[in-house]
Student: 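Provided herewith is a single structure, encoded as structure tokens, for subsequent inquiry.
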Amino acid sequence: MEPFRFQLLARSGRARVGRLQTPHGPVETPLFMPVGTQGSVKGLLPKDLKAIGSQVLLANTYHLLLRPGPERVRTLGGLHGFAGWRGPWLTDSGGFQVMSLGHLRRIDEEGVVFQSHLDGSLVRLTPERSIAVQEALGADFIMAFDECPPYPSSPEYLKASLERTLRWLERSLKAKTRPDQALFGIAQGGTDPELRALSTRETLRFDLPGYAIGGLAVGEPKEAMFPMVALSTEILPEDRPRYLMGVGHPEDLVAAMGLGVDLFDSVYPTRTGRFGSALTPEGRINLKNARFLEDPRPLEEGCDCYACQHFSRAYIAHLVRAGEMLGGILLSLHNLRHLHRLTEGAREAIRRGDYGAFAWAFAERRFGKEV
Ligand SMILES: CNc1nc2cc3c(=O)[nH]c(N)nc3c(CCO)c2[nH]1
Ligand SMILES: [Zn+2]
């Protein structure tokens, strides 16, 4: 079987269940990828990530290039051996993180030059170098080196940027040497329908094992983001996985799965967990709020995660107030389990051919009453 074969197993409207083969085992989509930016999902053990249903972890080229460096990761077994997650990994290509973290000094046809956020040293990242780093890190899924334009950007800038990203995709593909890694192209075009369609169609000229919808979840209103997701999945081929980058709120996953998106990643569940909030079907609750200090209930009734099986909201509210590490750990674990249960429920509903009922029931609980 070809190494990254994607089989459609069921459909319900535009929602679909798929099985994606990888050298580290098959995964079922739609799925949510926990973010392990520096090779670790903050505060969580790989065995616990596995226990809650995580399938693919995401790490970042930008961070691991700066520290500890790709060669050290390669000699210590690649991400799988080094970080102890034996399932599939996906690495992002670094461009986005330069914009959001590095101090960008220059972007030109060659690539980007930025100052490291760690020590201010000048670092160059090009399509060729991004691919070389991702090959050393050894992820199963690697991303083409792209530019994610800021929001808002002028149509002129968006057009020039997407054309350069397409030239960088060609260079990324040429630089690739490992047959055991799948390179995804990333479509851009911002929230401009014509440019979005142009970028998606041009990206499709490269026959790739999967395609990412990039350039979104960068501050644009939801009513500008979702038409771009819908437009993208109308153009993208059905027999390839679609990856919507950076999207991780429950309601956004439910909407995007309904539009035919298969893969998601976001720091939201783990970051909001570390900041003291829990995801529930009725919405997010902040355990710093005094109303939880005597609440004997679990974070979420019916949740099977370790936090909900063993602790009350009162205890976790205490941990958060006391600044105990365990507070953020339990909340991160629960929030990831919450999103994995959401995608599990979606896969079951799609298999039943009734994603509409699933989305409706979700919306009722999420928006029906105040938390
Ligand atoms: C949080 N929102 C978000 N939008 C994104 C958009 C992009 C994008 O367009 N390109 C690349 N390479 N990565 C992206 C990432 C990082 C991964 O989540 C994004 N993250
Ligand atoms: Zn839970």
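In what follows, every heavy atom counts, from backbone to side chain, and hydrogens, waters and symmetry copies are set aside. Counting convention: from 1, in listed order, for ligands and their atoms alike.
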Student: Do the side chains of R351 and V17 get nearer than 4.5 Å, heavy atoms only?
Tutor: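 Yes, close enough: below the 4.5 Å cut-off.
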Student: Under a heavy-atom criterion of less than 4.0 Å, does M143 contact ligand 1?
Tutor: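 Judged by the 4.0 Å heavy-atom criterion, M143 does not count as contacting ligand 1.
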Student: Please check if any side-chain donor atom of Y157 sits under 3.5 Å from a side-chain acceptor atom of E147, or the reverse.
Tutor: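 Indeed, the side chains of Y157 and E147 share at least one donor-acceptor pair under 3.5 Å.
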Student: Closest non-hydrogen protein atom to atom 4 (N) of ligand 1, residue and atom name please, with distance?
Tutor: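 Result: L216 O, 2.7 Å.
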Student: Return the option from G94, G246, G95 holding the heavy atom at the smallest distance from atom 1 (C) of ligand 1.
Tutor: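 When every heavy atom of G94, G246, G95 is considered, G246 comes closest to atom 1 (C) of ligand 1.
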Student: Protein N, O or S atoms less than 2.8 Å from the Zn ion (ligand 2), ignoring waters?
Tutor: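 Listed by chain and number, the atoms are C303 SG, C305 SG, C308 SG, H334 ND1.
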Student: Heavy atoms only: which of T61, D92, T91 lies closest to atom 13 (N) of ligand 1?
Tutor: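 Residue with the shortest heavy-atom distance to the ligand atom: D92.
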Student: Under 4.0 Å from any heavy atom of S93, which atoms of ligand 1 are there?
Tutor: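 Within the 4.0 Å cut-off of S93, ligand 1 contributes 12 (N).
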Student: With distance as the sole test, does E220 use its side chain to make a donor-acceptor pair with the main-chain N or O of V218 at under 3.5 Å?
Tutor: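 Yes: the side chain of E220 pairs with the backbone of V218.
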Student: Checking contacts here: is it the side chain or the backbone of S266 that comes within 4.0 Å of ligand 1, counting heavy atoms only? Could be both or neither.
Tutor: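 Neither part.
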Student: With heavy atoms of A217 as the reference, note each atom of ligand 1 found under 4.0 Å away.
Tutor: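 Near A217, the atoms of ligand 1 are 1 (C), 2 (N), 3 (C), 4 (N).
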Student: Using a strict 4.0 Å cut-off to heavy atoms of I186, name the atoms of ligand 1 that fall inside it.
Tutor: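 Listed by number with element: 12 (N).
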Student: Quick one: does Q188 get within less than 4.0 Å of ligand 1, heavy atoms only?
Tutor: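 Checking ligand 1 against Q188, which is what was asked, there is a heavy-atom contact under 4.0 Å.
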Student: Distance under 4.0 Å to a non-hydrogen atom of D146: what atoms of ligand 1 satisfy this?
Tutor: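 It comes down to these atoms of ligand 1: 8 (C), 9 (O), 10 (N), 11 (C), 12 (N).
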Student: For Y62 and D92, test the side chains for any donor-to-acceptor distance below 3.5 angstrom and give the result as yes or no.
Tutor: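 No, D92 and Y62 have no side-chain donor paired with an acceptor closer than 3.5 Å.
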